[in-house]
Amino acid sequence: MASNAEKPVILWFRKDLRLDDNQALNAAHVSARPIIALYINEPRAAGTGPLGAAQAWWLHHSLDALGKSLRSRQGRLVLVSGEALDVLRAVIRESGADAVFWNRRYDPSGLSIDVRIEHELEKQEIQTRSFGGELLHEPSRLMSGKGAPYRVYAPFWRALERAGEPGPPLDAPASLRLESRLPTSERLESWKLLPAKPDWAKEFADVWMPGEQGAQVRLGTFIEDALNGYKENRDYPAKPATSMLSPHLAFGEISPARIWDATRGLAERVPRADIVHFRKEIAWREFSYHLLFHFPKLASENWNGRFDGFEWHNSGEDFEAWRRGKTGYPIVDAGMRQLWRHGWMHNRVRMIVASFLVKDLMIDWRSGEAWFRDTLVDADPANNAAGWQWVAGSGADASPFFRIFNPVLQGETFDPEGDYVRTYVPELRALEAKYIHRPFEAPKRVLEEAGIVLGETYPKPIVDHAGARNRALAAYKAISNGG
DNA sequence: GCCAATTTGCC
DNA sequence: GCAAATTGG
């Protein structure tokens with residue numbers, strides 16, 4: 001019989017698919033006990049939040065990468081499907097483990113599962129230990145002077161600055177003591193996370209390398225090539241000027257503390273404003289989790305209840321045109337097609353397509369949020385909901401409803417040459433820059449020369465923006481005070 | 001009387 | 001953030 005100290009500890013991987021800066025892993029390592037690395041394919045109905053199809057693709061490759069990384073350390077990742085508590089009990093029985101370590105998750109559904117597991121396992125005298133690291137700070141830590149959670153970003157950011165630098169990230173342990181007698185694992189392929197034919201994700205791999213190594217490479221190239229000038233360039237979707245770390249963060253392949261740390265000590269070669277601006281984006285993720293933690297309804301209900309009375313138009317036909325990128329507004333269509341093709345959309349364009357859905361088409365933000373959740377590789381329960389509510393005007397510290405993007409002007413401002421549009425809307429490729437964002441105003445001859453027949457090769461606008469804007473403002477007036 | 005630049009209302 | 005109203009040369 002193995003002595004108590006020899007009993008293995010289960011390291012339960014969730015949305016923290018990394019070895020770097022992994023506090024639970026580090027604690028297991030320091031305990032000197034053999035480690036069982038486990039990933040549980042939890043049923044979506046259990047409240048872990050539905051995993052979109054694009055993220056299923058990502059998860060497959062990320063688990064594959066983590067498995068390889070553990071194999072190179074003479075270990076293996078154990079894969080089991082089922083309710084987390086049932087699986088943990090079975091693995092404990094099979095392995096003789098008497099402790100489970102994990103890094104905390106902060107979405108309300110995941111959190112409630114974990115609280116129950118903690119309680120149940122303690123009852124059978126199994127030690128549970130949870131750790132931070134998915135966020136820079138615990139959501140309960142940054143509170144206003146009155147002890148209330150922040151509802152406005154600016155003071156939240158100031159509090160984050162006041163909190164000082166987060167603790168330094170932990171390096172991955174150089175060696176790991178991995179349990180050699182492992183419980184039965186399922187085969188990753190049997191989870192069928194990859195799309196069946198037709199393979200709509202075939203172009204994802206042109207852009208992405210899921211897994212911890214891909215995250216490190218992305219961080220390195222971003223800091224080397226794009227951090228300098230980030231503040232200015234980040235708004236231009238045709239430029240490779242954003243970090244594209246979001247899916248890696250969403251799966252915990254890299255920690256925010258690691259990213260934060262990597263932007264230190266660059267003052268010699270990168271302007272301070274660029275570093276601060278990038279860090280503020282990381283802080284927006286932090287703020288979204290802060291909000292979701294303290295106001296769980298953010299995920300599915302209007303944070304500002306006034307919007308419950310908003311009269312949405314919710315046309316199925318309009319929604320379909322938006323999803324397929326056939327609205328007749330090139331910048332909107334380019335964004336929606338980038339989303340479909342690469343599972344990601346540039347942040348500036350996300351705001352434009354979201355404004356268009358909610359305000360021009362008057363479709364409930366929840367429809368857009370659900371579509372993003374299914375198609376984005378970086379779909380994040382906090383960021384996605386908070387972002388949509390921000391654009392819709394229903395969120396905490398939201399953009400005012402009357403801030404309605406003009407898709408033509410936004411396109412002309414942020415994609416002046418039309419390069420972004422041409423990349424994703426090939427039927428407009430030959431159109432000159434002057435009309436690339438307003439093909440419906442191009443003279444007949446210009447369209448002919450570009451080989452475009454409006455209504456056939458490229459749609460006419462499904463709504464008139466100026467009219468749609470007035471309609472939206474009128475609908476908003478109806479739910480405003482005294483309206 | 002024109003047009004570009006600036007200000008204001010939207011709330 | 002947009003667009004209408006106003007200003008000023």
Side-chain angles (χ1 to χ4, degrees), chain A residues 151-155 157 230-239 241-242 273 277 280-281 284 287-288 302-313 318 322 327-336 345-365 368-369 372 386-418 420-421 433-441 461-483:
Chain A
R151 298 149 186 264
V152 181
Y153 176 74
W157 166 253
Y230 175 77
K231 188 177 194 280
E232 159 73 11
N233 295 329
R234 61 184 291 275
D235 262 326
Y236 295 85
K239 294 184 183 181
T242 62
H277 214 87
K280 278 187 163 172
E281 295 302 314
W284 269 105
F287 182 53
S288 298
N302 291 311
W303 193 85
N304 178 345
R306 172 191 293 180
F307 279 81
D308 292 349
F310 193 89
E311 290 212 33
W312 301 104
H313 184 53
D318 287 353
W322 180 81
T327 66
Y329 286 96
I331 192 77
V332 174
D333 294 341
M336 298 309 292
M345 197 193 306
H346 186 276
N347 187 249
R348 163 61 50 183
V349 190
R350 290 188 200 201
M351 293 191 282
I352 299 170
V353 303
S355 173
F356 190 79
L357 184 79
V358 170
K359 295 169 184 179
D360 286 63
L361 301 182
M362 291 223 295
I363 291 175
D364 194 328
W365 63 267
E369 190 274 337
F372 270 29
W388 274 96
Q389 296 229 44
W390 184 85
V391 175
S394 59
D397 191 24
S399 162
F401 186 87
F402 55 78
R403 188 187 288 176
I404 299 171
F405 282 126
N406 179 324
V408 173
L409 298 181
Q410 286 287 315
E412 287 174 345
T413 306
F414 297 111
D415 184 33
E417 300 305 318
Y420 178 75
V421 165
K434 188 177 173 194
Y435 294 108
I436 191 84
H437 293 290
R438 47 176 102 221
F440 42 87
E441 287 174 16
I462 58 169
V463 289
D464 166 61
H465 172 69
R469 180 175 187 274
N470 290 334
R471 181 178 73 162
L473 288 172
Y476 181 66
K477 209 171 181 184
I479 59 160
S480 313
N481 290 333

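Just so it is clear: chains get the letters A, B, ... in the order the sequence lines come, proteins before strands, and each one is counted from 1.
Other residues, nucleotides and ligands contribute over 12 non-hydrogen atoms within 6.0 Å of the CZ atom of A:R471. Counting non-hydrogen atoms of other residues, nucleotides and ligands closer than 6.0 Å to NZ of A:K239 gives a total above 12.
In 5' to 3' order, the nucleotides of DNA chain B bounding all contacts with chain A (an atom under 4.0 Å from a heavy atom) are B:dC10 to B:dC11.
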Shorter than 3.5 Å, N or O on both sides, protein versus nucleotides 2-5 of chain C: list them out with atom names.
from: C:dC2; atom 1: OP1; to: A:Q410; atom 2: NE2; distance (Å): 3.1
from: C:dA3; atom 1: OP1; to: A:N406; atom 2: ND2; distance (Å): 3.1
from: C:dA3; atom 1: OP2; to: A:N406; atom 2: ND2; distance (Å): 3.4

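Among residues two or more places apart in sequence or in another chain, the salt bridge (charged side-chain N to carboxylate O under 4.0 Å, His left out) test is passed with A:R469 by none. Partners of A:D333 under the side chain to side chain donor-acceptor pair (under 3.5 Å) rule, at least two apart in sequence or in another chain, are A:T327, A:Y458. Residues meeting the ring pair (Phe, Tyr, Trp, His ring centres under 6.0 Å) test with A:Y420, sequence neighbours left out: A:Y424. The side-chain contact (heavy atoms from CB on, under 4.5 Å) test applied to A:E417 returns A:D419, A:A433, not counting sequence neighbours.
Residue-level contact check: A:F401 touches neither bases nor backbone, having no heavy atom under 4.0 Å from any strand.
Ring geometry, A:W390 versus A:W284: the interplanar angle exceeds 60°, so the pair is classed perpendicular (tilted spans 30 to 60°). Aromatic ring orientation, A:F287 versus A:Y153: perpendicular (interplanar angle above 60°, classes split at 30° and 60°).
One interatomic measurement links the two molecules: CD1 of A:I352 to P of C:dG1, which rounds to 11 Å at whole-angstrom precision.
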